[in-house]
Amino acid sequence: MTTMRVVLFFILAYAYYAKADSKVVCYYDSRANHRNGQGKFDINFLEPALQFCSHLVYGYAGINPANNKIQPLDEKLDVNQNNYRQISDLKRRFPGLRVLLSVGGGRDTSGTEVKDRNMPYRTVIETVDSRLTFINSAKDLVKNYAFDGLDLAWEFPENKPKKIRSKISGWWHSVTTTVAGEYVLDDKTEAHKEQFTAFVREFRNSFRHDGLLLTLTVLPNVNSSVYYDPHQLAPHLDYVVLENFDVYTPERNPKEADYTAPLYELIDRKNYENGDFQVRYWLQNGMPNNKIIYGIPTFARTWKMTDDSGLTGVPPLPIDGPGEAGPYTGQPGLLSYNEVCTKIATPTEVKAGYLGKLRKVNDPTKRFEEYWNTDSDVTKRFGTYAFRLPKGDTPGLWVSFEDAETAGQKASYAMAKGLGGVAIVDVTLDDFRGLCTGDKYPILRSVRYRL
Ligand SMILES: *[C@@H]1O[C@H](CO)[C@@H](O)[C@H](O)[C@H]1NC(C)=O
């Protein structure tokens, strides 16, 4: 009996230790509260997720450009309906869970110019006064609502897609051209990089007294080497989440679809269009490995396939804008994981010729095996896609997405590299109802078990 207890104690202690050691940062986007039907996500759905999360990140607050202060982006929900408080209160039921408020995240469009909606994120950091104003307002907000800290999902300008390949095919020939072009929206990048470092240092000084956490989220398509100095930032940040996805999106790349979140470099793509490149950049420039968190998406990007897209579905492929909106998320070009899974053909439907459902393909490209020695499965390192050819009145659809297996691969990669953990972006687009297989949160669950 006693031996049993001792054994049990060690098992529990080990489980606790393993869990405490690597982070699972769970993003929660409060916009999910406004979705329809099965997509509507209220706070009760969070609870089954939180046993797997070390951190919960509330997205998103913004900047008030009139006074350089932080402001809720959804005052009615966040403040009037008390959502800030209810979310931060979850700590009581999940001791050990740290709850942060995040600012930016690509959700803040408070800039005055449509073309330059991120402007306040540069203005704020440009002077000592405006930085201090922002920091003080953020600290007040964080403390008022009992958050454990602030996440800077800072909105710097994104690079323009470099590669716009237009495939003109006809009965006479087929031409592929590559037009490389790059412009920088920001002509003060050097200054902004230094100012951001100062900002983070000042933030840390202000937060230190209260033991508040300060973290950074690097948004997709923001060039890290332009805006971030990992070596200088490292001592002042608790961790950095690299959002290694949205390499391709229907908004940025309306004419060509490709894997949106590959872990490794694919042949014929830019060497930086993958998560491994981003991780290596931060490692090589002085961010300690245990402060780097690998960001994994739970959502799919979708495009409309046409007769010009070919029959194989193999990316990259010419495409015609975003795919149809999903029933729950209601946004063209985007599907939540449970919207994707319900569109995929079951074995019976495959036998019957798909019946309008999607054909799922885990990456068939078995190249670059040398990068991956720790796992015998080399077929899923770029991601998963699924597609439906156009037929009659039914438009075609091409979908790049993360499933439980590819997400698990990324978690294993994070472990092999000694990273601090992984982030799930975000939990409201995982299968929080268990519609796919009956298990709730299959993607979150899969990464948790790999750590
Ligand atoms: C990022 O910026 C650096 C420095 O300007 C440049 O050399 C590099 O090509 C850029 N990378 C991307 C992905 O645009």
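Every number for a ligand or one of its atoms is a count from 1 in the order of the listing. Positions are given from 1, in the same order as the sequence printed here.
Judged purely by distance below 3.5 Å, without hydrogens or angles, the side chains of T133 and N68 never pair a donor atom with an acceptor atom. For T217 and Y27, the side-chain atoms include at least one donor-acceptor pair closer than 3.5 Å. There is a side-chain donor-acceptor pair under 3.5 Å between Y413 and D276.
Contacts classified as salt bridge (Lys or Arg N to Asp or Glu O under 4.0 Å) and involving residues 196-222 (residues at least two apart or in different chains) are given here: R131-E202, K139-D210, K143-D210, R204-D238.
Of the polar atoms of N223, at least one N or O is found under 3.5 Å from an N or O of ligand 1, judged by distance alone.
Under a 4.0 Å criterion applied to the non-hydrogen atoms of S225, ligand 1 contributes the atoms 1 (C), 2 (O), 3 (C), 4 (C). Counting atoms of ligand 1 from 1 in the listed order, those under 4.0 Å from a heavy atom of Y272 are 13 (C).
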